[in-house]
K.L.:
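Once you've had a glance at the structure underneath, I'll fire off some questions.
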Amino acid sequence: QVQLVESGGGLVQAGGSLRLSCTASGRTFSSYAMGWFRQAPGKEREFVAIIRGSGGGIIYYADSVRGRFTISRDNAKNTVFLQMNSLKPEDTAVYYCAATNRVLYGSRWYGVEEYDYWGQGTQVTVSS
């Protein structure tokens, strides 16, 4: 069982930055792929970024955030981060941390249904 707790959300003006953190319980954190997803009002939850566990920490980003967001992890602290720069109003959403230890390939890495553990979410609001 893995429990995830996010922090770092808030209100920021367009062009600003925020750093989200997600701390996980459990002793096998390093083997889990960790992801960030987001859900805006009236929309489905969508993939933002993931960083794989074993296998070299390979990273994937959604096209909408590539070049502006950076995902990283500190296995010694059981924590994954999402540095968000050049924020836009369309980045406004509840951001969720997620974890999986499934063996995934290709586009399955982006699927909400492939992640078994979720945090409670943290609100990010970007004003124009």
K.L.:
To the nearest 0.5 Å, tell me how far Ile51 CD1 sits from Arg73 CZ.
P.N.:
6.0 Å
K.L.:
Give the minimum heavy-atom separation between Tyr32 and Ala99, together with the two atoms involved.
P.N.:
CD2-CB, 4.1 Å
K.L.:
Please list every donor-acceptor pair under 3.5 Å in which a side-chain atom of residues 13-24 meets a protein atom from a residue at least two apart or in another chain.
P.N.:
residue, atom, partner, partner atom, Å
Ser17, OG, Asn85, OD1, 2.9
Thr23, OG1, Thr79, OG1, 3.3

K.L.:
For the backbone of Arg68 and the side chain of Ser86, can you confirm whether one donor and one acceptor N or O come within less than 3.5 Å of each other?
P.N.:
no
K.L.:
Just how far is it from atom CD of Gln39 to atom CD of Glu44, taken to the nearest 0.5 Å?
P.N.:
8.5 Å
K.L.:
Tell me whether the count of non-hydrogen atoms from other residues, nucleotides or ligands lying under 6.0 Å of CD in Glu46 goes above 12.
P.N.:
yes
K.L.:
Looking at side-chain heavy atoms only, is the closest gap between Ile71 and Met34 below 4.5 Å?
P.N.:
no
K.L.:
Taking 4.0 angstrom as the limit, do Lys88 and Asp91 come out as a salt bridge?
P.N.:
no
K.L.:
When rounded to the nearest 0.5 angstrom, what distance separates OG1 in Thr122 from CD in Gln120?
P.N.:
7.0 Å
K.L.:
Classify the ring geometry between Phe37 and Phe47 as parallel (under 30°), tilted (30 to 60°) or perpendicular (over 60°).
P.N.:
perpendicular
K.L.:
Minimum heavy-atom separation for Ile50 to Tyr115, with atom names?
P.N.:
CG2-OH, 3.2 Å
K.L.:
Looking at Phe81 and Asp74, what are the two nearest heavy atoms and their distance?
P.N.:
CE1-CB, 4.1 Å
K.L.:
Taking Ile58 as the starting point, is it possible to reach Tyr110 by hopping between hydrophobic residues whose side chains are less than 4.5 Å apart?
P.N.:
yes
K.L.:
Find out whether Val126 and Met84 are in side-chain contact, i.e. whether some heavy atom of one side chain is under 4.5 Å from a heavy atom of the other.
P.N.:
no
K.L.:
With a 4.5 Å limit on heavy-atom distance, are the side chains of Trp118 and Cys97 in contact?
P.N.:
no
K.L.:
Would you call the rings of Phe69 and Tyr95 parallel, tilted or perpendicular if under 30° counts as parallel and over 60° as perpendicular?
P.N.:
tilted
K.L.:
Working note: Arg108 + Thr100, criterion side-chain contact (heavy atoms from CB on, under 4.5 Å); need CA distance, chi angles, decisive distance, verdict.
P.N.:
CA-CA 11 Å; Arg108 291 180 65 188; Thr100 185; over 6 Å; no
K.L.:
To the closest 0.5 Å, what do you measure between CD (Gln123) and CG (Leu11)?
P.N.:
9.5 Å
K.L.:
What heavy-atom pair brings Arg52 and Tyr60 nearest, and what distance separates the two atoms?
P.N.:
NH1-OH, 3.1 Å
K.L.:
Heavy atoms only: give me the nearest Tyr117-Val2 pair and the separation to one decimal.
P.N.:
CD2-O, 3.4 Å
K.L.:
Check whether any side-chain heavy atom of Tyr96 sits under 4.5 Å from a side-chain heavy atom of Glu6, and report yes or no.
P.N.:
yes
K.L.:
So, for Val80 and Phe29, which heavy atoms are closest and what is the spacing to 0.1 Å?
P.N.:
N-CZ, 4.2 Å
